[in-house]
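Throughout, a chain's letter reflects where its sequence line sits, starting with A, and its residues are numbered from 1.
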Amino acid sequence: MAKVQFIKSADVKPWLAELAKEHRVFAPSYDGEALLFRPFDLEQEIILDRAATMPPKKTVFPQSEKLVDFTYSKDPENLSRVKIDARETLPEGSTVVFGSRPCDARGFTMFDRVYLSDKNTDIYYQARRKNTLFITLACRTIENTCFCNWVDSDPCDPTGSDVLAIPMNDGYLLESVSEQGEKLLNSKLLADGSSRKVEADKICQEIAGSINNTKDLSQAPAKLLAVFDNMQFWEEVSAKCLSCGACTYLCPSCYCFNITDETNGMKGKRLRSWDNCMSAQFTMEASGHNPRPTKAHRLKNRVGHKFSYYPTIHGGVISCCGCGRCIKSCPAGIDIREIVLKAIDFEPAAVEE
Amino acid sequence: MPVLKGKELRIVGFLCNWCSYGGADTAGVGRFNQPTDLRIIRVPCSGRIDPLFIMKTLLNGADGVLVSGCHPRDCHYAEGNFYARRRLEVLHRFLPILGIEPGRFEYTWVSASEGQRWQQVVTRFTEQIHKLGPAPKIAGPAASETLRQMEAAL
Amino acid sequence: MTKNIYLPEMATIQEVIRETHNIMTFRVTLNNPEAMKNFSFKPGQVGQVSSFGTGEATFVINSPPTRMDYLQFSVMRTGEVTSKLHSLKAGDQIGVRAPLGNSFPYEDMKGKDIVFVGGGIGMAPLRTLLLFMLDNRADYGKITLLYGARSPVDMAYSYELQDWLDRDDLDTYLTIDAPYEGWQHKVGLIPNVLLDIAPSPGNSVAITCGPPIMIKFTLQALEKLGFKDEQIVTTLEKRMKCGVGICGRCNIGTSYVCMDGPVFTRAQLRQLPNEL
Amino acid sequence: MKYQQELKDSIRKALPGLDVVIAWSAGYDPLHATPHFIRREEDIDRLEIGPFSVHNLATYLPGLRGKKVGIVVKGCDSRSVIELLQENLINREEVTIFGFPCTGVVDQTKIRKALGHTGKVDFCQIASQTVVIGLGGEEHKLRLSKVLADKCFSCQYPNALISDHFVGEKISPSVQTEGDDDLEAFEKMPMDERFAFWQKEMDRCIRCYACRNACPMCVCRDHCLAESRDPHWLSQEDSVRDKWMFQLIHAYHLAGRCTECGECQRACPMDIPLLLLKKKMNKEIKELFQYEAGVDPEATPPLLSFKMEEENINEREW
């Protein structure tokens with residue numbers, strides 16, 4: 001049985017300050033004109049009425065992280081021999097993210113299927129994932145770019161979260177989703193909220209009613225494969241693409257990375273850093289051959305991966321959480337929804353010539 | 001032996017092979033007393049110096065960067081230093097926008113025979129950097145690691 | 001404790017062999033004797049070899065699992081990592097993450113005639129399977145090897161070729177692209193020579209590996225000879241980083257070359273979208 | 001935009017001789033336009049020009065070499081086209097330029113700042129100098145001059161400087177001074193504050209390189225040294241130093257070439273004030289060499305030439 005608590009709006013900051021004694025706490029606040037999940041600070045204004053510019057992706061999947069530390073040392077017995085000491089560097093400590101949206105938290109479930117699969121476990125990811133708790137805020141405002149309802153989610157979806165917070169007029173109803181989440185709800189600042197559960201459910205229903213019409217994407221995996229070889233299709237939909245990484249880096253479910261070494265004197269580190277399939281270097285082979293030489297090939301992979309390959313591998317789950325950031329932040333205004341729908345509706349021209 | 005009192009600062013000099021490096025050599029052979037803060041990087045020509053070398057040096061924590069090449073009209077490659085002059089002047093004027101004091105970077109011309117002039121240039125530039133003091137450093141682990149390495153190399 | 005899939009085993013280069021002007025072979029052993037003793041792999045599996053400070057690159061383990069004194073990698077100099085590896089010598093330390101990927105379907109090949117068609121550095125993955133089969137000779141039918149390179153000096157494993165030529169239980173054909181003084185073997189492009197040799201497709205499997213252009217025409221030649229898609233096996237190459245299906249760059253549609261490959265039958269390749 | 005129909009007609013006439021015409025059409029919501037690639041007659045109807053036509057379409061030209069391309073340009077965009085021509089990065093005979101008198105484009109960041117957030121825009125109407133925006137059922141009125149891009153206030157070239165077809169009447173530059181000169185204000189700050197400012201601003205960079213890819217003059221495209229391992233200018237670390245260094249590389253590679261179109265800053269999803277660096281660079285270039293990029297197709301960029309005696313450089317003074 002989920003634990004249900006209520007917190008008054010005014011108590012949010014004091015509560016986060018309490019949590020910050022035990023965990024690193026992140027909450028959305030402005031850095032310049034960008035709304036980001038930043039380390040909680042009593043002095044900072046927390047902004048909860050709009051979606052953040054960037055999802056809290058860095059909390060579990062840092063932009064760049066150290067996988068291996070290595071040191072070169074001369075063998076004192078034989079100076080021409082260089083010894084190398086390489087060791088792993090695992091992340092420590094626990095993190096609480098406050099104010100993530102259902103789409104943000106659900107994004108990590110796309111990571112989970114790949115990083116914590118039955119074949120392989122990524123222990124760096126695992127360490128962070130296990131120790132990062134999401135207090136997710138249900139969305140009261142549905143933005144023009146939102147389409148979580150197209151991808152089997154909704155504005156009150158608790159998937160991937162530890163606590164779901166439903167915004168009420170005077171505060172938030174906090175419902176635990178996971179056991180770890182339940183432990184976060186023991187503060188004296190919280191009061192029993194079960195009496196307001198009905199009210200909260202009603203709010204969720206209202207929100208669900210206000211969202212744009214859903215679209216059936218069940219045909220997407222097959223249809224995207226069907227247009228795979230139609231380069232004219234992909235050249236047209238990618239014509240305005242600039243091949244930058246804004247869409248992937250702001251995406252809560254884009255999980256690709258690069259591994260590179262950096263050295264400084266006798267010391268160095270192996271880094272895992274964000275990489276994106278929009279970049280030509282992503283698949284560029286040492287020989288100079290590139291299987292995805294143009295932006296059309298690359299955008300095809302991005303859309304294809306999310307709406308076709310991933311669902312085919314992972315039981316039909318679309319690897320997009322519908323947050324719409326790729327649309328909102330694309331410098332060229334590319335709308336991924338448009339591309340997917342276009343592929344679904346695409347009818348190969350009747351046999352030509 | 002340092003001419004200036006106190007701690008050495010990190011000053012990097014980019015010197016062209018044909019004139020200024022020779023000038024520095026002449027100063028050395030002539031046993032002219034010079035401050036020892038400067039670390040010299042020899043380049044084929046002042047025209048070879050990408051202004052980004054200087055920016056990277058400064059962002060990595062150098063306290064000052066000095067560039068010296070052949071006098072205009074004396075370039076071993078005829079016109080390398082004419083191009084360099086434009087690039088370096090633009091850089092000189094650009095750096096303050098980053099919060100890097102104008103005096104942290106200077107460029108000048110010293111010929112191979114001008115040992116005396118080299119001594120004056122180095123002394124003057126080193127004094128100028130000491131007056132400015134250590135440059136502000138970028139925060140963060142990556143930057144401090146570089147600084148530590150640089151410290152060890154000095 | 002879950003294994004760290006990104007932490008390489010430290011290994012020592014035991015021997016470096018210069019094969020050609022741009023190919024070097026490294027024989028390495030894992031530093032941890034326990035790990036070396038327990039190391040097991042199947043022919044065709046690859047490893048991520050790293051020079052710390054430069055990075056990792058993917059190479060097939062081209063020694064067979066039947067000869068475990070060392071693991072052998074042949075490296076053609078093309079990029080940053082391979083150039084660095086070429087500067088290493090016996091005694092130097094490298095990192096190895098292996099085995100990764102799938103392997104040749106050597107179980108399914110039992111009792112069949114085998115045709116190897118290798119070009120240039122593409123001989124490396126064939127070598128592991130060839131030696132494995134020679135070490136388990138009774139399990140396989142007639143074995144034919146066609147190995148081609150641009151010129152005699154571009155032939156890797158030259159020190160082994162005479163043995164292979166001399167063996168009665170192996171038909172070896174060597175070819176080079178253009179006539180060369182003193183060359184006593186075939187001259188001509190691999191696909192043409194293959195058509196000359198004309199191995200029978202009957203109860204055969206053909207395994208081919210080499211540069212893309214050679215593969216393209218070899219597949220056509222095999223088809224001409226009557227080899228069906230299921231009878232042709234080849235290996236794919238992609239830029240790889242993690243090697244374990246996570247980092248996301250080596251996919252062709254739903255298939256990840258690092259996990260589902262590098263070995264594919266032509267029939268499997270036809271199922272994949274066209275993005276080689 | 002009153003010349004829209006005229007522009008459509010002009011494109012319709014030229015389209016048969018062209019592979020594609022690049023213009024703008026409506027974007028995903030009433031506040032946004034998007035680049036629009038016209039290949040067929042029916043695509044022309046969706047063309048829209050106006051205050052949301054923010055994108056500098058010249059960015060696409062180098063990638064379309066070898067094709068017959070039509071391009072619709074604002075005055076500022078036309079400077080990028082000229083600069084590309086100056087540097088032989090595009091062929092004049094392959095490009096057909098459609099110009100129109102531009103009365104300014106909006107700055108999305110300013111609108112967002114004024115309204116708090118613009119996630120749910122229902123409608124947007126611009127009548128004379130007022131912008132009316134419907135936001136989640138409420139109506140907001142903004143003065144157009146409050147949300148125009150900064151570059152529009154100091155715009156010297158509202159009409160395309162180069163064009164094959166110009167629709168409408170050429171207008172004269174407006175000499176409004178309502179925009180703040182952020183560079184001047186910035187240069188009043190003490191050095192240590194500037195240094196701290198950049199560290200803070202660059203910290204949120206996600207290295208997506210939208211700034212670079214949106215830049216019409218960043219023509220190295222897939223071969224940028226930001227991602228090169230040899231030479232190894234930048235590490236993959238998430239460090240301010242590397243992020244900042246990249247912006248300096250960008251700024252310096254644009255010295256004497258930047259037309260100040262502002263695409264770098266507009267494209268930045270993190271709203272980092274990148275244009276400031278370019279403005280400073282351009283200011284110094286102008287003072288030193290009396291040169292402005294992208295005005296004269298025959299001119300040589302100042303860092304690609306020299307004079308034996310430079311009038312404005314007194315390096316011997318040091």
Select, from L67(A), V114(A), T312(A), I84(A), the one with the greatest count of heavy-atom pairs under 4.5 Å involving chain C. I84(A)
Can you tell which of R270(A), Q126(A), K269(A) has the highest number of heavy-atom pairs within less than 4.5 Å of chain C? R270(A)
Do you see a donor-acceptor pair shorter than 3.5 Å between the side chains of R298(A) and S243(A)? yes
Does the structure place the NZ or CZ of R127(C) under 6.0 Å from the centre of the six-membered ring of Y157(C), at an angle of no more than 45° from the ring's axis? yes
Engaged part of L276(C) at the chain A interface, taking heavy atoms whose separation is under 4.5 Å: backbone
I'd like to verify something: which residue of N4(C), N274(C), V244(C), V81(C) has the highest number of heavy-atom pairs under 4.5 Å with chain A? N4(C)
State plainly whether the residues K83(A) and D85(A) are in salt-bridge range, i.e. N to O under 4.0 Å. no
Could you tell me if the ring centre of H305(A) sits under 6.0 Å from that of Y255(A)? yes
Is it the backbone or the side chain of M240(C) that comes under 4.5 Å from a heavy atom of chain A, or both, or neither? neither
Non-hydrogen atoms of chain A under 4.5 Å away: do they reach the side chain of P8(C), the backbone, both or neither? side chain
Run the salt-bridge test on D122(A) and R272(A) with the 4.0 Å N-O cut-off and return the result as yes or no. yes
Out of N290(A), D275(A), V82(A), which one racks up the most heavy-atom pairs below 4.5 Å with chain C? D275(A)
Heaviest contributor of heavy-atom pairs below 4.5 Å to chain C, chosen from F111(A), Y115(A), Y125(A), Y124(A), is Y124(A)
